[in-house]
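The analysis underlying the following values was restricted to heavy atoms, covering all of them including side chains, and did not include hydrogens, waters or symmetry mates. Small disclaimer: the values here were computed from a predicted structure and weren't measured.
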Amino acid sequence: MQETLELLNNRRSIRAFQERPIEEEHLSLLKQATLRAPTAGNMALYSVVEVSDSEKKKILAGICDNQEMISKAPLVWVFLADMQKWVNYFHESGAVERGKEQMNVSYRKPGLGDLHLCMQDAIIAAQNAVVAAEALNIGSCYIGDVIEQFEKLRDLLELKQYTIPACMLIFGYPKGKGPTKLTPRCPASSIFMENRYEEPHIEELAHAYQEHEQQRRATHSLPYENKGTLADYYYLRKHTSAFMEEMNRSVSVMFDWWCGD
C-alpha cells in the first residue's frame with residue numbers, strides 16, 4: 001500500500017524520452033492495466049487509437065499546437081469516447097428491431113448523457129494507464145491540445161460520428177533523471193467540501209494557490225514584470241489565449257457532430 005501511495009504522490013509529467021520503443025512485455029502490462037479501469041455498466045465506452053505511423057505522428061503533433069515531443073514519443077495513445085461500437089452492436093445484432101417488435105421500444109440516438117459516460121470511461125482508463133506506466137518506470141504526459149482542430153483529427157484518425165477524443169497520452173522511458181521537485185498542488189481544504197458546494201472567493205483562492213504563485217514568482221514567470229498574481233498568469237496565458245478559443249470552437253463542433261442527424 002505504501003509503495004502505491006508513494007508512486008501516486010511522486011508521479012510527474014515526462015516530456016523527454018529515450019529513443020527506444022516500449023518493451024513488448026511492458027506494453028502488454030500497460031494494456032491490461034488500462035482494460036481493468038472502472039467502466040460504466042462494464043460496457044467499455046471507449047477505444048484507444050495507438051498512433052505509430054511516423055507521418056501521422058508528425059501531423060498529430062502539428063494539430064496539437066506543434067508539440068514536437070509527440071512525434072518523438074515512443075508510444076502515443078488517443079483515448080476516444082466511443083458510443084459508435086454500441087450503436088453498431090444494437091443495430092447489427094438485431095437488438096433495435098427486437099426491442100421495437102417485442103417491447104414497443106423505439107430507438108434513440110446517443111445524446112449528451114451518453115457522451116458524458118463515454119468521456120468518463122475514456123479518462124478513467126487513461127489514468128489507469130498513467131499509474132501503470134509509472135509502476136513500470138515509463139514516463140507519461142497528458143496532451144490537452146488533442147481537442148483542438150477536431151476536423152483535422154477526425155480525418156487523421158478516420159473517426160465516426162460517435163467517436164470523439166477524450167484525451168491523449170504520450171509514453172516513453174524517461175531521458176535522464178530530470179527535475180525531482182514536484183509541482184505544487186492545492187491544499188486538501190481548498191478542494192474537498194462537505195455536503196454542499198462552498199464557493200471560494202479571493203481570500204480562499206489566494207490561499208489555495210499560494211504555493212504555486214510563490215514558485216512562479218521565484219522563477220520570475222509572472223506577468224507585469226513579475227509583480228502580477230497567479231490569476232494574472234493564467235488569465236493571460238490560458239483563459240484569453242488563442243488556443244483556448246480554438247479548443248472551445250473545436251469542442252463545440254465535436255458536440256454538434258455527436259448530436260447531429
Side-chain angles (χ1 to χ4, degrees), residues 13-17 22 34 44-88 109-130 133 139-172 183 223 233-261:
S13 295
I14 301 296
R15 296 175 174 83
F17 307 110
I22 303 297
T34 301
L45 297 168
Y46 70 97
S47 292
V48 182
V49 175
E50 182 176 323
V51 184
S52 58
D53 180 85
S54 58
E55 189 58 35
K56 283 196 171 187
K57 285 169 72 174
K58 289 179 183 177
I59 296 171
L60 185 59
I63 290 172
C64 295
D65 206 25
N66 297 307
Q67 296 186 75
E68 190 178 358
M69 62 186 179
I70 297 169
S71 62
K72 294 181 177 180
L75 183 64
V76 177
W77 282 359
V78 179
F79 286 77
L80 302 175
D82 184 4
M83 192 65 190
Q84 189 67 54
K85 64 171 76 175
W86 282 96
V87 169
N88 292 356
K109 64 182 182 180
L112 291 178
D114 300 285
L115 175 56
H116 201 307
L117 283 175
C118 292
M119 284 286 191
Q120 289 183 43
D121 269 18
I123 294 170
I124 292 168
Q127 186 60 15
N128 252 40
V130 164
S140 64
C141 183
Y142 279 100
I143 307 295
D145 303 87
V146 75
I147 62 175
E148 292 184 56
Q149 302 189 56
F150 171 62
E151 298 90 334
K152 292 182 179 179
L153 185 73
R154 179 176 61 191
D155 293 343
L156 180 69
L157 302 184
E158 301 177 39
L159 302 182
K160 305 305 179 185
Q161 181 176 5
Y162 300 115
T163 52
I164 63 175
C167 63
M168 183 168 80
L169 282 167
I170 58 174
F171 302 91
T183 53
Y233 176 84
Y234 281 112
Y235 181 75
L236 297 173
R237 188 174 184 269
K238 292 271 190 180
H239 191 71
T240 60
S241 66
F243 74 79
M244 278 308 306
E245 184 176 351
E246 165 54 26
M247 279 190 183
N248 285 322
R249 182 210 66 81
S250 183
V251 171
S252 179
V253 173
M254 285 184 208
F255 286 13
D256 287 346
W257 191 52
W258 179 285
C259 295
D261 295 332

Return yes when atom CZ of Phe243 has more than 12 non-hydrogen atoms of other residues, nucleotides or ligands closer than 6.0 Å, and no otherwise. yes
Quick one, [X] and [Y] - any side-chain contact, counting heavy atoms below 4.5 Å?
X	Y	answer
Lys56	Leu156	yes
Leu60	Met168	yes
Glu148	Cys64	no
Met254	Pro165	yes
Val251	Phe150	no
Lys85	Thr163	no
Phe79	Ile123	no
Phe171	Val76	no

When rounded to the nearest 0.5 angstrom, what is the spacing between [atom1] in [X] and [atom2] in [Y]?
X	Y	atom1	atom2	result
Met119	Leu117	CE	CG	11.5 Å
Trp77	Leu169	CH2	CG	8.5 Å
Asp145	Met244	CG	CE	10.0 Å
Ile170	Cys141	CD1	SG	5.0 Å
Cys167	Leu80	SG	CG	9.5 Å
Lys58	Glu68	NZ	CD	9.5 Å

Polar side-chain atom of [X] near backbone of [Y] as donor-acceptor pair, under 3.5 Å:
X	Y	result
Lys109	Val87	no
Lys57	Val51	no
Asp65	Gln67	no
Trp258	Gly111	yes
Gln149	Ile63	yes
Asp121	Leu45	yes
Glu158	Asp155	no
Ser241	Lys238	yes

With sequence neighbours excluded, tell me which residues meet side-chain hydrogen bond (donor to acceptor under 3.5 Å, both in side chains) with Asn88. Gln84
Hey, are Glu245 and Arg249 close enough for a salt bridge, meaning a charged N less than 4.0 Å from a carboxylate O? no
Ion pair Arg154/Glu151, N-O distance below 4.0 Å: no
If you take the centroid of each ring, where Trp contributes its six-membered ring, are Trp86 and Tyr162 closer together than 6.0 Å? no
Least distance between heavy atoms, Ala125 atom then Thr34 atom: O-CG2, 3.7 Å
Show the nearest heavy-atom pair for residues Ser71 and Ala61, with the distance to one decimal. N-CB, 4.1 Å
